[in-house]
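This report concerns only the one structure given below.
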Protein chains: 2
Amino acid sequence: MARPKAAATPNRRLQILTQAASLFRSNGFNATTMRQLAEQLGIEAASLYNHISSKEELLREICFNVANEFNTQLATVQLQELSPLQKLEAILRFHIGMLLSRPDDVYVSNRDWKHLKEPWLTNFLTQRRQYEHQLADIIQQGIDRGQLRPLQPPVAVLGLLSAVRSIEYWQRSKRPIGGTQAVDDLITLLLKGVSN
Amino acid sequence: MARPKAAATPNRRLQILTQAASLFRSNGFNATTMRQLAEQLGIEAASLYNHISSKEELLREICFNVANEFNTQLATVQLQELSPLQKLEAILRFHIGMLLSRPDDVYVSNRDWKHLKEPWLTNFLTQRRQYEHQLADIIQQGIDRGQLRPLQPPVAVLGLLSAVRSIEYWQRSKRPIGGTQAVDDLITLLLKGVSN
DNA sequence: CCTACCGATCGGTAGG
DNA sequence: CCTACCGATCGGTAGG
């Protein structure tokens, strides 16, 4: 009676999602096949569809999970009484923390969102635009108070967020970059870059 | 006798390459089909193979063309008598110039190199590692001379190069970012970030 | 440069 | 969760 593998663990769906993020990250969304994903989990491709409804649904869940986390943190920061520079630091550190703790999810959501279908594609992009707009506002406030350099806020926002993503490559070398010092160095580079 | 379309222009291959870069950029390498590419050029998919030997060959040519340009410029800068900071500025400005003048090629070579086949994949990655190593050396020299902040050079290299790529998103908003001022703002952000 | 076509592979379904 | 399978589509070739 006992089924040797594929126990009906309730978080089977979570396992699928985790493996999908890992494969999407290494091979890209399109280059990842449902057969590869199934093989990683020790089941047949057809069996995946008892837990999910489509390949795109996996991508959708990854992207919106990540987006929700970033939105929630930003909302929290906005409620705190911090200077623009302090808010910026808290946000950048959160981005770095996400990249370090959930690299697959964040990486996939940053790169493969293009393959979302409507209406989710539009929804995702709208959320991201609003997020970046809030960051630009924080920077503008810092400039107005003389705390930050008079840079065009959209240029600074994109530059900062893009630089933070360089963490993706920290694992690449023989002796991997990392540790508290590396994080602080990156933060220093960015905050000194915008500060007056 | 006159063929109405598809004149035997000698740079037909160049047209294919240009269109391929454009499609690869918008849709990704895997999601771009040879039928799409052919349609853009007004010919049948099979006809492409009179000018190229495979889809991957297109990617290969894009990636190595870009790599060659960056390597050549770096070699030139290294021969000039400039301070580390001046070298850095020249290099970053060249990156920005490439992103602005040939966005499709640079974008594709930055993202889709994963789909290169061996031995080109290894060759490409080796070239890139050597390029980044040279940048790290320049930064280390700047630190030794007290001109730059004591940041871990690999962290700074990846952060700077990644930030420069944010230019890819400058076209995205309603009133696109751009112009000399935007470039100078980005340069300021980065150079002030690393300078002592 | 085209017509005709192929083997491979894909995401997904039927039915148990 | 599996076997069996399908329609669609892909990169590429044969032969002109």
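Here is the naming used below: chain letters follow the sequence lines, and residue numbers restart at 1 for every chain.
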> Near DNA chain C, which residues from residues 24-39 of chain A have a heavy atom under 4.0 Å away?
Replying inline: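 Contacts with DNA chain C under 4.0 Å: A/Thr32, A/Thr33, A/Met34, A/Arg35.
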> Can you name the ring-ring contact (aromatic ring centres under 6.0 Å, His included) partners of A/His115, sequence neighbours left out?
Replying inline: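 With sequence neighbours excluded, A/His115 shows a ring-ring contact (aromatic ring centres under 6.0 Å, His included) to A/Phe29, given in chain and number order.
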>> Taking ring-ring contact (aromatic ring centres under 6.0 Å, His included) as the definition, give me every residue that meets it alongside A/Tyr169, ordered by chain and number, with sequence neighbours left out.
In response: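 Residues passing ring-ring contact (aromatic ring centres under 6.0 Å, His included) with A/Tyr169: none at all.
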>> Starting the side chain at C-beta, find the nucleotide from D/dC2, C/dC1, D/dG11 nearest to B/Tyr49.
In response: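 Closest of the options to the side chain of B/Tyr49: D/dG11.
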>> Measuring from the side chain of A/Ala46 (C-beta onward, heavy atoms only), which nucleotide among C/dA14, C/dC1, C/dT3 has the closest atom?
In response: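 Side chain of A/Ala46 sits closest to C/dA14.
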>> Expected output is a numbered-order residue list: members of residues 50-58 of chain B with a heavy atom under 4.0 Å from any atom of DNA chain D. What is it?
In response: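 Listed by number, they are B/Ser54, B/Lys55.
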> Would you say the side chains of B/Thr32 and B/Gln36 form a donor-acceptor pair under 3.5 Å?
Replying inline: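 Checked: B/Thr32/B/Gln36 side chains show no N/O donor-acceptor pair below 3.5 Å.
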Under 3.5 Å donor-acceptor pairs involving side-chain atoms of residues 189-196 of chain A, not counting sequence neighbours:
from	atom 1	to	atom 2	distance (Å)
A/Ser195	OG	A/Leu191	O	2.7
A/Asn196	ND2	A/Gly146	O	3.4
A/Asn196	ND2	A/Leu148	O	3.3

How close or far is atom [atom2] of [N] from atom [atom1] of [X], stated in whole angstroms?
X	N	atom1	atom2	answer
B/Leu41	C/dC2	CG	C1'	15 Å
A/Leu23	C/dG11	CG	C1'	16 Å
B/Glu44	D/dG12	CD	P	17 Å
A/Ile16	C/dG12	CD1	P	13 Å
A/Ile43	C/dG11	CD1	P	14 Å

> Of all the base pairs, Watson-Crick or G-U under 3.5 Å, which form stems of three or more consecutive pairs involving DNA chain D?
Replying inline: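 Stem list for DNA chain D: C:1-16 with D:1-16.
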